[in-house]
Amino acid sequence: QQQVKQSPQSLIVQKGGISIINCAYENTAFDYFPWYQQFPGKGPALLIAIRPDVSEKKEGRFTISFNKSAKQFSLHIMDSQPGDSATYFCAASGNTPLVFGKGTRLSVIA
Amino acid sequence: GAGVSQSPSNKVTEKGKDVELRCDPISGHTALYWYRQSLGQGLEFLIYFQGNSAPDKSGLPSDRFSAERTGGSVSTLTIQRTQQEDSAVYLCASSLVDRGNTIYFGEGSWLTVV
């Protein structure tokens with residue numbers, strides 16, 4: 001059973017556009033929702049994270065939107081740049097190690 | 001170094017051989033995790049160590065997989081009698097305290113079983 005479902009698998013966005021990646025979870029005990037960014041040949045690195053007491057968190061061009069009732073959260077990348085091209089993973093945890101989605105491969109084209 | 005260090009970075013082994021993968025976490029981090037990344041499968045949790053507590057082995061896929069953490073620092077993941085389906089990137093991560101906090105990944109050990 002996949003505890004965190006992520007979509008889309010891949011995404012192509014024009015430079016300057018908005019990239020949106022969605023995740024849904026099942027376990028209501030989850031209380032920490034990070035997004036990780038991974039470049040080829042590197043390990044994933046924390047990008048931004050949210051806890052369910054807020055519905056949105058913004059850091060620069062990156063925003064997490066969180067919908068507790070729908071058990072969904074999403075990553076928005078504003079003004080997408082070629083340097084944002086990477087694989088993005090959503091994740092969730094409660095009293096467990098992080099459970100990851102299967103990843104979204106983002107390509108930002110000029 | 002300041003980050004999580006893993007070795008070897010690449011390993012090619014013959015089917016049936018045993019392999020050991022090493023992880024040196026960030027100094028002072030009490031929690032250590034192993035994940036496996038296969039193509040198109042995301043990050044699969046394998047095992048978790050926290051201080052002197054018994055490890056959470058719930059993610060280990062078979063009894064061919066084992067891990068230990070010596071002195072609360074360095075960890076070794078051992079895969080016995082490797083199979084082709086074990087080919088993947090094995091990622092180690094560490095965090096300062098318990099779950100629900102930022103975990104920092106190493107660059108991984110690429111394992112290819114031929």
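Note that these values count all heavy atoms, side chains included, but never hydrogens, waters or copies made by symmetry. Order of the sequence lines fixes the chain letters, A, B, ..., with proteins taken first and strands second; residue numbering starts at 1 for each chain.
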Check the angle between the aromatic planes of Phe73(A) and Tyr25(A) and answer parallel, tilted or perpendicular using the 30° and 60° thresholds.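 Answer is tilted, since the angle falls between 30° and 60°.
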For a 4.5 angstrom cut-off between non-hydrogen side-chain atoms, does Gln81(A) reach Lys15(A)?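 Gln81(A) vs Lys15(A): side chains touch.
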Taking the side chain as every heavy atom from C-beta outward, state whether Val13(A) and Ile77(A) have any pair of such atoms under 4.5 Å apart.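 In short, these two side chains do not touch, never coming nearer than 4.5 Å.
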Could you tell me which portion of Leu43(B) (side chain, backbone, both or neither) has an atom closer than 4.5 angstrom to a non-hydrogen atom of chain A? both
Would you mind checking which part of Glu44(B) comes under 4.5 Å of any heavy atom in chain A, side chain (CB onward), backbone (N, CA, C, O), both or neither? neither
Please report the C-alpha distance between Thr104(A) and Trp35(A) in whole Å, then the side-chain angles of each, then the deciding distance to 0.1 Å, and finally whether the side chain to side chain contact (heavy atoms under 4.5 Å, CB included) criterion is met. CA-CA 11 Å; Thr104(A) 296; Trp35(A) 285 88; 5.8 Å; no
Turns out that what part of Phe33(A) lies under 4.5 Å from chain B's heavy atoms comes down to neither
Quick one: which of Gly43(A), Pro44(A), Ala91(A) has the most heavy-atom pairs under 4.5 Å with chain B, could you say? Pro44(A)
